[in-house]
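The block underneath contains the structure these notes are about, expressed in structure tokens.
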Amino acid sequence: MDTPSLQQAFGIDSALRFEEHKSGLVQGIVSTNKCEASFFLHGAHVAHWQPLHTAWPVLFMSQKSYLEPGKPIRGGVPICFPWFSAHPTDSSLPAHGLVRQAAWELMKTQQNDHAVSVVFELSIESFDLRYTVDFGRTLQLALQIVNCDSQARDCEVALHTYFDVGAIEEVSVEGLEPLPFLDQLTKSKYPAEGAPIRFERETDRIYPGAAGKILLNDPQRSRTIAIEAEHSQSTVVWNPWIEKSKRMPDFGDDEYLRMCCIETASIRENRIQLEPQVPSTIAVTYTVLP
Ligand code: BG6
């Protein structure tokens with residue numbers, strides 16, 4: 001569907017409009033008395049969300065991101081599915097699965113008193129995905145997965161959210177301290193630290209198990225972002241720090257100072273087991289607290 005047809009079918013007065021981004025990708029732009037936001041159909045990618053009571057965007061977007069069909073976007077909320085990081089057996093397949101660089105179909109948009117809701121769908125490898133995003137004073141993401149195969153299947157999933165932060169060294173993450181974790185850099189497991197996470201070096205951790213409410217405290221921005229996941233069985237915390245930032249072609253050398261990823265996931269030993277036709281949903285809500 002071209003952009004004028006999308007606008008006609010899915011635009012909502014002044015609250016949601018569709019236009020071509022300068023990259024050529026089709027973009028939806030949300031503007032209400034609750035928030036400013038934007039998304040791409042490419043990857044069903046939420047690129048921007050800023051409730052009006054905070055002075056800064058909540059989601060980080062790299063200035064060097066690719067914005068091209070077939071390539072993932074660096075920032076916002078990439079969706080990792082049906083595998084997380086490298087494919088376990090076939091290194092020719094892309095990291096983090098097939099859907100963050102796929103063209104999703106827009107199915108429905110609507111507005112109520114709280115939010116503008118956008119529903120995307122994609123069928124891939126005998127999975128049907130339905131992704132609902134509610135842009136309001138909070139940002140709610142819900143990904144429903146249905147296994148259309150006649151046999152049980154498993155899959156990994158992550159909502160790989162990049163948060164914008166004022167100064168990474170000042171940030172702390174509360175809520176994961178009771179959980180042990182796998183350090184992806186050393187490939188070793190570590191016991192629970194019992195203290196909030198602080199970023200002082202490259203950080204790439206998987207916390208298995210359901211987390212309670214997670215708080216991303218950002219003193220520079222004078223705000224805390226609350227992350228409340230549902231049906232998520234793992235959390236990933238990532239910051240590439242100095243050397244890895246330099247190695248990533250689609251990421252600025254200094255951009256690690258202004259972001260961290262806290263990913264609502266179900267991966268590795270906590271991957272999702274799906275019986276045929278039985279839907280499973282992973283969801284998360286972000287709220288900006290003063
Ligand atoms: C994180 C992984 O989720 O994503 C990291 O834990 C990885 O290991 C990062 O480097 C970024 O991945 P990509 O494929 O977007 O460069």
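Note that this is a predicted model, so its numbers are computed, not measured. Order of appearance sets the numbers: ligands from 1, and atoms from 1 within every ligand.
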Please set out all donor-acceptor pairs under 3.5 angstrom arising from side-chain atoms of residues 107-116, sequence neighbours excluded.
{"residue": "T109", "atom": "OG1", "partner": "F10", "partner atom": "O", "Å": "2.7"}
{"residue": "N112", "atom": "OD1", "partner": "H114", "partner atom": "N", "Å": "2.8"}
{"residue": "N112", "atom": "OD1", "partner": "A115", "partner atom": "N", "Å": "2.8"}

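Residues E19 and R17 are paired through a salt bridge, judged by an N-O separation under 4.0 Å between the basic side chain and the carboxylate.
Relative orientation of the Y131 and W104 rings is tilted, given thresholds of 30° and 60° on the angle between their planes. By the 30° and 60° cut-offs, the orientation of the rings of H87 relative to W83 is perpendicular.
In terms of modelled atom types and a separation under 3.5 Å, the side chain of N239 and the main chain of T203 share no donor-acceptor contact.
Remark: the S65 side chain and the D250 side chain contain no N/O donor-acceptor pair separated by less than 3.5 Å.
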Pairs under 3.5 angstrom, nitrogen or oxygen on both sides, ligand 1 versus protein: list them out, please.
{"residue": "ligand 1", "atom": "3 (O)", "partner": "H160", "partner atom": "NE2", "Å": "3.1"}
{"residue": "ligand 1", "atom": "3 (O)", "partner": "E263", "partner atom": "OE1", "Å": "3.0"}
{"residue": "ligand 1", "atom": "3 (O)", "partner": "E263", "partner atom": "OE2", "Å": "2.8"}
{"residue": "ligand 1", "atom": "4 (O)", "partner": "H96", "partner atom": "NE2", "Å": "3.1"}
{"residue": "ligand 1", "atom": "4 (O)", "partner": "H160", "partner atom": "NE2", "Å": "2.8"}
{"residue": "ligand 1", "atom": "6 (O)", "partner": "Q184", "partner atom": "NE2", "Å": "3.0"}
{"residue": "ligand 1", "atom": "6 (O)", "partner": "D204", "partner atom": "OD1", "Å": "2.6"}
{"residue": "ligand 1", "atom": "8 (O)", "partner": "D204", "partner atom": "OD2", "Å": "2.5"}
{"residue": "ligand 1", "atom": "10 (O)", "partner": "K244", "partner atom": "NZ", "Å": "2.8"}
{"residue": "ligand 1", "atom": "12 (O)", "partner": "H96", "partner atom": "NE2", "Å": "3.2"}
{"residue": "ligand 1", "atom": "14 (O)", "partner": "R100", "partner atom": "NH2", "Å": "3.0"}
{"residue": "ligand 1", "atom": "15 (O)", "partner": "R74", "partner atom": "NH1", "Å": "2.9"}
{"residue": "ligand 1", "atom": "15 (O)", "partner": "R100", "partner atom": "NH1", "Å": "2.9"}
{"residue": "ligand 1", "atom": "16 (O)", "partner": "R74", "partner atom": "NH1", "Å": "3.1"}
{"residue": "ligand 1", "atom": "16 (O)", "partner": "R74", "partner atom": "NH2", "Å": "3.0"}

